Amino acid sequence: MKHISLENLGIINTTAVYRNLTPAQLVEAALRRGEGKLSKTGALVVKTGKYTGRSAKDKFIVDSKGVHDEIAWGSVNKPVSQEGFDALYEKVIAYLQNREIFVFDGFAGADPKYTKGFRVVNELASQNLFIHQLLRRPTAEQLDSFEPDYTIIAAPGFKCIPERDGTRSEAAIMIDYEKHLVLIAGSQYAGEIKKSVFSVMNYVLPKNGVFPMHCSANIGKDGDSAVFFGLSGTGKTTLSADPNRYLIGDDEHGWADDSVFNFEGGCYAKCINLSPEGEPEIYNAIRFGSLVENVVMDDETREFDFDDDSLAVNSRVGYPIEYIPNAELSGMSPSVPKTVIFLTADAYGVLPPISKLDKNQAMYYFVSGFTSKLAGTEIGVKEPVPTFSTCFGEPFLPLDPSIYASMLADKVEKSGASVYLVNTGWNGTGKRMKLAYTRAMVTAALNGDLLKSEFVTDPIFGVSVPTTCPGVPSELMIPENTWEDKDKYRETARKLAASFVDNFKKYTHMPKEVVDAGPKA
């Protein structure tokens, strides 16, 4: 193993530095250090403690001169001074002295024209296993000549002191785009590392003309690719895992002029209520080499209880993409997407199950990033609650939303891709759309059968709605038809439309034609 020094990062006096250990070696190290246990299937199981999800309010961007005018500052992209970052950095690297350090050198971006090298420095062997499986793994030759473009240092054992460090809590995620450094302290949740890579790529790639996307992607047997945008619970992972198509990736991609490509080499899936019948691909991926976070496991039998959320609702598993059958291991499509699908789970029951969008509508609904919570899913939630996440990935977008929206419009226009809004949620029957029906609509959109239907314009949302679709009862295609009380339908639809309009007021840099493409309250 090639020796590696971290002195250029200021990390000195370590007891050992391990670089790019194999998954087996990392599992052995994690068990030796008491970081976790093995499950019956051989997966490494850990508990992440206080933080079982991303701590969005603890994320900061260094407000340096070189990036100040580029960042969309606000409640998501909060500034920290260069002095504040540097002071915390010095404390963290001092903390890492006299410890074992685990380093993974790998890549983000399957298209070699846009690949970026990441050096991830970990205090924990288990977190190093995670990022080994999630990023793209180098060959021996690539590793021998590896030079990082960005460095991420993750020290979950270091607890910030807000009064001293200027942080909000004991955790901090700080990105210094100018120094090409990311600092993660106080949180053991591995998703912070993964999403820090995504935040970097979302800053870098637009400068190269590549549209970064928080989406899943797959490719047909004829080479036609499709991308699926959607917030948690809308079916992004489920619908892109199509047995008749090859999975490019489930979360982070780039759209270049001649390709769509995965940033990652692995997947990070939710485990709550996981079953072999419902999601067999994910269920069967939980085996040796996978890292499982916060899933309840019997200490004697080492069997999981995926329905027990006492440790976390957001229980997770990270695994390499080759654990998924039908995966496209190159991480690339030889062609740009021909179909773009926005997924939403409308608990109001008024959005069409599928509708076609023109260019301005595509920009509007992309920027809106809508889904909704169903009444009763959380304490105090008495009626549907609209949820908007800018560009379906607000926490990870450092630039103004108009930049990403314009890139979407440009890519769609150049490729001639069709854009659809798919509602995987409810309708006037009070029941959620059957997965089989949604799959049939997605299939019809992908193979072009949907374009053979007659389309009508939704009077409130303005989108084009097909009246028929193979494999789907026609009475479900127009949402108003599923409501007995038509007045109640119109009242509810206008209420949701008003939420869209109110939310969109904050996007002050949007062209008038995009604003006008939204629903009519």
Side-chain angles (χ1 to χ4, degrees), residues 4-19 26 29-30 33 35 46 48-51 53-64 67 77-106 117-132 134-135 148-200:
I4 181 173
S5 171
L6 299 178
E7 289 189 10
N8 67 313
L9 296 173
I11 301 175
I12 58 176
N13 299 327
T14 55
T15 58
V17 176
Y18 303 105
R19 183 193 191 205
L26 288 168
R33 292 159 51 89
E35 295 178 23
V46 301
T48 65
K50 178 179 179 179
Y51 296 93
R54 287 183 305 98
S55 188
K57 294 181 179 180
D58 293 309
K59 179 184 172 186
F60 300 89
I61 296 174
V62 176
D63 188 5
S64 60
V67 304
N77 296 318
K78 299 182 294 295
V80 63
S81 68
Q82 188 71 67
E83 294 75 17
F85 174 88
D86 291 345
L88 184 61
Y89 182 88
E90 292 298 324
K91 294 184 180 74
V92 171
I93 61 172
Y95 164 83
L96 292 175
Q97 292 190 57
N98 299 313
R99 298 179 187 274
E100 291 181 301
I101 302 297
F102 300 87
V103 176
F104 174 71
D105 287 338
F118 282 82
R119 171 161 290 166
V120 184
V121 179
N122 292 112
E123 172 189 1
L124 297 179
S126 53
Q127 283 199 323
N128 200 246
L129 171 68
F130 170 83
I131 202 62
H132 180 285
L134 262 289
L135 285 187
D149 295 298
Y150 284 84
T151 298
I152 299 174
I153 299 175
F158 179 91
K159 308 301 181 186
C160 303
I161 301 173
E163 299 79 17
R164 178 196 70 187
D165 300 318
T167 59
R168 192 190 68 94
S169 72
E170 66 186 39
I173 301 91
M174 295 186 178
I175 302 178
D176 189 333
Y177 284 116
E178 201 161 4
K179 288 187 176 180
H180 292 209
L181 277 173
V182 179
L183 189 63
I184 302 172
S187 173
Q188 191 180 329
Y189 177 67
E192 296 287 15
I193 307 174
K194 165 189 162 71
K195 291 305 186 185
S196 292
V197 173
F198 191 40
S199 296
V200 168

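Treat the numbers as computed from the prediction; the structure is a model and nothing was measured.
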Next item on the list: Apply the test side-chain contact (heavy atoms from CB on, under 4.5 Å) to residues Y177 and S199: give CA-CA distance (whole Å), side-chain angles for both, the deciding distance (0.1 Å), then the verdict.
Entry: CA-CA 10 Å; Y177 284 116; S199 296; 3.9 Å; yes
Note to self: Would M174 and Y89 count as a side-chain contact (heavy atoms from CB on, under 4.5 Å) here? Give the steps.
What the structure shows: CA-CA 10 Å; M174 295 186 178; Y89 182 88; over 6 Å; no
Check: Can you list the steps and then say if V103 with V17 is a side-chain contact (heavy atoms from CB on, under 4.5 Å)?
Finding: CA-CA 7 Å; V103 176; V17 176; 4.0 Å; yes
Item checked: From CA spacing to verdict: side-chain contact (heavy atoms from CB on, under 4.5 Å), I4, D105 -> CA-CA 11 Å; I4 181 173; D105 287 338; 4.1 Å; yes
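Here the side chain of T151 pairs no donor or acceptor atom with the backbone of L181 at under 3.5 angstrom. Within the 3.5 Å criterion, the main-chain N or O of Q188 finds a donor-acceptor partner in the side chain of Q127. In terms of modelled atom types and a separation under 3.5 Å, the side chain of K59 and the main chain of K78 share no donor-acceptor contact. Checking side-chain atoms of E192 against main-chain N and O of S55 turns up a donor-acceptor pair under 3.5 Å.
Atoms CG and CD1, from L9 and I101 in turn, are 10.5 Å apart once rounded to the nearest 0.5 Å. Distance CZ/R99 to CG/L124: 9.5 Å, rounded to 0.5 Å. How far CD of Q97 is from CD1 of I12: 4.5 Å, rounded to the nearest 0.5 Å. Note: N98 CG to T14 OG1 = 8.5 Å, rounded to the nearest 0.5 Å. Separating the CD1 atom in I193 from the CZ atom in F104 is a distance of 11.5 Å, to the nearest 0.5 Å. Taken to the nearest 0.5 Å, the CD1 atom of I175 stands 8.5 Å off from the CG atom of N77.
Side-chain polar atoms of K179 and S64 form no donor-acceptor pair below 3.5 angstrom.
Between H180 and R119 there is no side-chain heavy-atom pair separated by less than 4.5 Å. Contact annotation: the side chain of L96 approaches that of I153 to within less than 4.5 Å [non-hydrogen atoms, C-beta and beyond].
Closest of all the heavy-atom pairs between F102 and A29 is CE2-CB, 3.9 Å. The two residues D63 and P79 have their closest heavy-atom pair at CB-CB, 3.9 Å. Here the closest heavy-atom approach between residue D165 and residue C160 is recorded as OD2-CA, 3.5 Å. Contact detail for F158 and E123: the closest heavy-atom pair is N-OE1, 4.4 Å.
When each of L183, V62, I61 is paired with V80, the side-chain contact (heavy atoms from CB on, under 4.5 Å) condition holds for V62 and for no other.
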Throw together a table of side-chain donor-acceptor distances under 3.5 angstrom for residues 166-173, partners on residues two or more places apart or in other chains.
unit_1: T167; atom_1: OG1; unit_2: S169; atom_2: O; d: 2.8
unit_1: R168; atom_1: NE; unit_2: D58; atom_2: OD1; d: 3.1
unit_1: R168; atom_1: NH2; unit_2: D58; atom_2: OD2; d: 3.2
unit_1: S169; atom_1: OG; unit_2: Y51; atom_2: OH; d: 3.1
unit_1: S169; atom_1: OG; unit_2: D58; atom_2: OD1; d: 3.1
unit_1: S169; atom_1: OG; unit_2: D58; atom_2: OD2; d: 3.1
unit_1: S169; atom_1: OG; unit_2: A171; atom_2: N; d: 3.1

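Between Y150 and F118, the ring planes lie parallel to each other; the angle is under 30°, not in the 30° to 60° tilted range.
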